[in-house]
2 protein chains.
Amino acid sequence: MQITRETDYAIRCILYLAGKDGNSAVVGEISRDQAVPRTFAAKIMQKLHKAGLVVSTRGVKGGYTLNRTPEEITLLEIVEAIEGPISINICVIDKNSCERQPHCNVHPVWVEIRDLLVEKLRSYTLDKLINNNPPSGDNTTGRRRA
Amino acid sequence: MQITRETDYAIRCILYLAGKDGNSAVVGEISRDQAVPRTFAAKIMQKLHKAGLVVSTRGVKGGYTLNRTPEEITLLEIVEAIEGPISINICVIDKNSCERQPHCNVHPVWVEIRDLLVEKLRSYTLDKLINNNPPSGDNTTGRRRA
DNA sequence: GTTTTTAAGACAAATTTTATCCTAATTATA
DNA sequence: TATAATTAGGATAAAATTTGTCTTAAAAAC
């Protein structure tokens, strides 16, 4: 029940991009800085591009930039860009995977946990990760609103 | 980010045992009833035994029974009996896996999500799954205490 | 047209998951 | 005490997934 290394890489890569403050970076630079294998990083950036999280430019002055501000990109989007929809157990996504019954008694638990996970991942945006801030809605540190 | 099929099997198997209301069951019976491959089921029952969740008896009248009441066995224990400690990302468990820094900005997120998951899984006991009840502490259905 | 970059798909290695098989140990009972 | 029924544990194997690499093409700058 872990994220894959690829997902971890993807978060690092896009976080690096977010840190460039609007400037672009090429795969080689991202790969070097974040210590992810170059060709693997290339594949990851392609996935992030397909998911609409980054803009790609080909050619000599090409590279990648964020497609939105760091405030508008969530961990959930990054994870799902790499791994597809979160499901915890196969039965949450694939209706035909519970061969024996329409759904067993445990099924609602997986759905509940999936929803929990989705909400939590959605609450973290790139800028919060960069600034080490708690996610929206969290007020456990005792800070109060202005 | 899914539980393995083995874990799913394990939950089915122990749930079947819980349904036997104190009576024992042999691997063959569990395997047949829950449609999990016989030798694989045998391995799973061994893991549940090592984790102290079930009692095993060898020999002619042998088999498995629960080692506690269904109220006292949580989903968390079953998952961890099969998969080991929950971690979401390798860095949550293995301190040496973040090569570059002591821990990155994302690390606390994984810890938080791990904790969330652990709490949720702990809140579900076998009897709640059998009776399709919400976990302890949940009162979203509007029922009130007597 | 040459160089630098991304795009995409095929391929390959490594690891994990999902099993199976075999031998031993234990227990009931004929 | 021999036999049958069961679990215990380790070795092995097959399948699937993860983690990469390689090659060719397309695009853009100069």
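Model, not experiment: these values are computed from the prediction. So you know, we letter chains A, B, ... as the sequences are listed, proteins then strands, and number each from 1.
As judged by a 4.0 angstrom heavy-atom cut-off over every strand, Q46(B) is placed among the base-contacting residues. Within 4.0 Å of G63(A), counting heavy atoms only, lie sugar-phosphate atoms of the nucleic acid but no base atom. Using a 4.0 Å heavy-atom criterion, one finds that K47(A) contacts no nucleic acid atom at all. Using a 4.0 Å heavy-atom criterion, one finds that S56(B) contacts the sugar-phosphate atoms exclusively.
Between T4(B) and dT18(C), a side-chain N or O to OP1/OP2 separation shorter than 4.0 Å is present. For K61(B) and dT29(C), the shortest distance from a side-chain N or O to OP1 or OP2 is below 4.0 Å. Between Y9(B) and dA19(C) there is a side-chain N or O to OP1 or OP2 distance below 4.0 Å. Considering only side-chain N and O atoms, H49(B) lies under 4.0 angstrom from the phosphate OP1 or OP2 of dA8(D).
Each of dA8(C), dT27(C), dT18(C) was ranked by its minimum atom distance to the side chain of V60(B); first place goes to dT27(C). In this structure, the nucleotide among dT19(D), dT18(C), dT27(C) sitting nearest to the side chain of R5(A) is dT19(D).
What separates CD of Q2(A) from P of dT15(C) is a distance of 15 Å, to the nearest Å. Distance L48(A) CG to dT6(C) P: 13 Å, rounded to the nearest Å. If you take CD1 of I3(B) and C1' of dT16(C), they are 16 Å apart, rounded to a whole angstrom. Between N89(A) atom CG and dT17(C) atom P there is a gap of 14 Å when expressed in whole angstrom units. Separating the CD1 atom of I82(A) from the P atom of dG20(D) is a distance of 13 Å, rounded to the nearest angstrom. The interatomic distance linking K43(B) (NZ) with dT17(C) (P) rounds to 17 Å, in whole Å. For the pair I90(B) CD1 and dT19(D) C1', the interatomic distance rounds to 15 Å; values are reported in whole Å. Residue F40(A) contributes atom CZ, which lies 15 Å from atom P of dC22(D) at whole-angstrom precision.
Between T39(B) and R58(A), the residue whose closest nucleotide on DNA chain C is further toward the 5' end is R58(A). In this structure, R38(A) and A25(B) both approach DNA chain D, and ranking their closest nucleotides by distance from the 5' end singles out A25(B). Nearest-nucleotide assignment on DNA chain C puts the 5′-proximal partner with T57(A), out of T57(A) and M1(A).
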inquiry  = Run K47(B) and E6(B) through salt bridge (charged side-chain N to carboxylate O under 4.0 Å, His left out) and show every step you take.
reply    = CA-CA 11 Å; K47(B) 286 191 184 179; E6(B) 186 183 13; 3.0 Å; yes
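Taking all atoms of both residues into account, the shortest heavy-atom contact from P70(A) to T125(A) is O-CB, 3.6 Å. Scanning all heavy atoms of the two residues, the minimum distance from E83(A) to I3(A) falls at OE2-CA, 3.4 Å.
S87(A) and Q2(B) share a side-chain donor-acceptor pair at under 3.5 Å. One side chain, E112(B) or Y124(A), offers a donor N or O that lies under 3.5 Å from an acceptor on the other.
Contact of the V54(A) side chain with the I14(A) side chain is registered, since non-hydrogen atoms from C-beta on lie closer than 4.5 Å.
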